[in-house]
Amino acid sequence: MNQLHSFQPLNVVAVSPHADDAEYGAGCLLAAYAAAGHRVTVALMTGADEVRAAEAKAAAVVLGADLVTDPSGNDGSLDVTGARVRWLEEQVEAADVVLAPHPDDTHQDHRATSAIVRAALRRSGVSLCWYRTPSSGQAFAPTAFHPVTEHLARTRQRAIDLHRSQSGRSYLRRDHLTLKDAWFGWVGGHPAAEPFEVVRQRIIAPPVRVMATR
């Protein structure tokens with residue numbers, strides 16, 4: 001008789017400097033996690049803009065994710081503060097996997113977000129991966145690749161299209177994303193893929209064998 005194993009869903013948190021960064025860098029992976037029954041949360045660091053926060057909420061629903069926002073964060077002037085570190089600590093306290101933008105980035109808000117993430121996880125052993133943004137630098141060196149299927153690409157695009165205030169951004173166009181997926185798919189050995197740089201991966205201890213006593 002086959003013994004059924006209980007399903008233990010993961011708690012995945014994607015930290016997003018702006019309302020579209022998590023979708024751009026990890027939208028397909030987040031949608032795949034959600035579709036498989038895992039809990040997915042997008043933590044938006046610049047939640048002061050109510051219009052963009054509302055767009056982020058609608059996009060998160062498409063991905064199957066929840067959205068939490070730091071209302072003190074402003075686009076273009078995100079600082080690393082103790083209050084923001086403590087806020088993020090609360091969001092990732094129960095996380096199994098954290099995704100965040102790479103520290104080498106030309107956008108100051110992205111660099112600040114990476115610093116906040118590292119500070120919030122300083123006492124944590126949670127799995128951490130950097131994702132790529134349109135302004136990531138050359139230090140981003142992907143070591144893991146998530147295959148992008150047509151279904152996942154469509155789901156990501158539907159989410160991105162809900163960021164209507166950013167519709168003029170060329171990097172959010174379908175053709176840009178398709179080329180990005182194809183390039184990193186070639187690098188990672190897939191037809192299309194999202195790239196990630198693994199910082200640390202938590203190893204789950206194997207079950208202990210119980211020795212029978214005579």
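The two residues Cys129 and Val198 make their nearest non-hydrogen contact at SG-CG2, 3.8 Å. Residues Ala94 and Asn11 come closest through the heavy atom pair O-ND2, 3.2 Å. For the residue pair Ala112 and Leu78, the shortest heavy atom distance occurs at CB-O, 3.4 Å. Taking each heavy atom of Val117 and Ala100 in turn, the nearest pair found is CG2-CB, 3.8 Å. Here the closest non-hydrogen pair linking Leu152 and Ala32 is CD2-N, 3.9 Å. Shortest non-hydrogen contact noted between His102 and Trp130 is CD2-CD1, 3.5 Å.
Remark: the Thr81 side chain and the Asp79 side chain contain no N/O donor-acceptor pair separated by less than 3.5 Å. Side-chain contact, Asp105 with Thr133: a donor N or O sits under 3.5 Å from an acceptor N or O. Side-chain contact, Gln157 with Arg154: no donor N or O sits under 3.5 Å from an acceptor N or O. Side-chain contact check for Gln91 and Thr41: no donor-acceptor pair (N or O, by modelled atom type) lies under 3.5 Å.
Distance check: Asn74 CG to Met45 CE gives 12.0 Å after rounding to the nearest 0.5 Å. In this structure, the separation between CZ on Arg169 and CD1 on Ile160 is 13.5 Å, given to the nearest 0.5 Å. The OG1 atom of Thr46 sits 9.0 Å away from atom CG of Asp70, with the distance rounded to the nearest 0.5 Å. Between the OG atom in Ser136 and the CD atom in Glu197 there is a gap of 9.5 Å [rounded to 0.5 Å].
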Does Ser72 form a side chain to side chain contact (heavy atoms under 4.5 Å, CB included) with Arg84? I'd like the steps, not just the answer. CA-CA 8 Å; Ser72 71; Arg84 291 199 176 102; 3.4 Å; yes

Dump the intermediate steps for salt bridge (Lys or Arg N to Asp or Glu O under 4.0 Å) on Asp20 and Arg52, then the final yes or no. CA-CA 9 Å; Asp20 51 13; Arg52 296 203 67 187; 3.4 Å; yes

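A salt bridge is absent between Asp104 and Arg111: the closest approach of a Lys/Arg side-chain nitrogen to an acidic carboxylate oxygen does not fall below 4.0 angstrom.
Judged as a side-chain hydrogen bond (donor to acceptor under 3.5 Å, both in side chains), the pairs with a partner in residues 21-30 (not counting sequence neighbours) are, in order, His18-Asp21, Asp21-His110, Glu23-His163, Tyr24-Arg132, Tyr24-His176.
A continuous path of ILVMFWY side-chain contacts below 4.5 Å connects Val126 to Val15, so both sit in one hydrophobic cluster.
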Pair up each side-chain donor or acceptor in residues 179-193 with any protein partner under 3.5 Å, not counting sequence neighbours, and list the distances.
from	atom 1	to	atom 2	distance (Å)
Asp181	OD1	Arg156	NH1	3.2
Asp181	OD2	Arg156	NH1	3.4
Asp181	OD2	Arg156	NH2	2.5

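Around CZ of Arg174, the count of heavy atoms belonging to other residues, nucleotides or ligands within 6.0 Å does not exceed 12. The 12-atom threshold is exceeded at CD of Gln108, counting heavy atoms of other residues, nucleotides or ligands nearer than 6.0 Å.
Every residue meeting the salt bridge (Lys or Arg N to Asp or Glu O under 4.0 Å) condition with Glu89, not counting sequence neighbours, appears here in chain and number order: Arg122.
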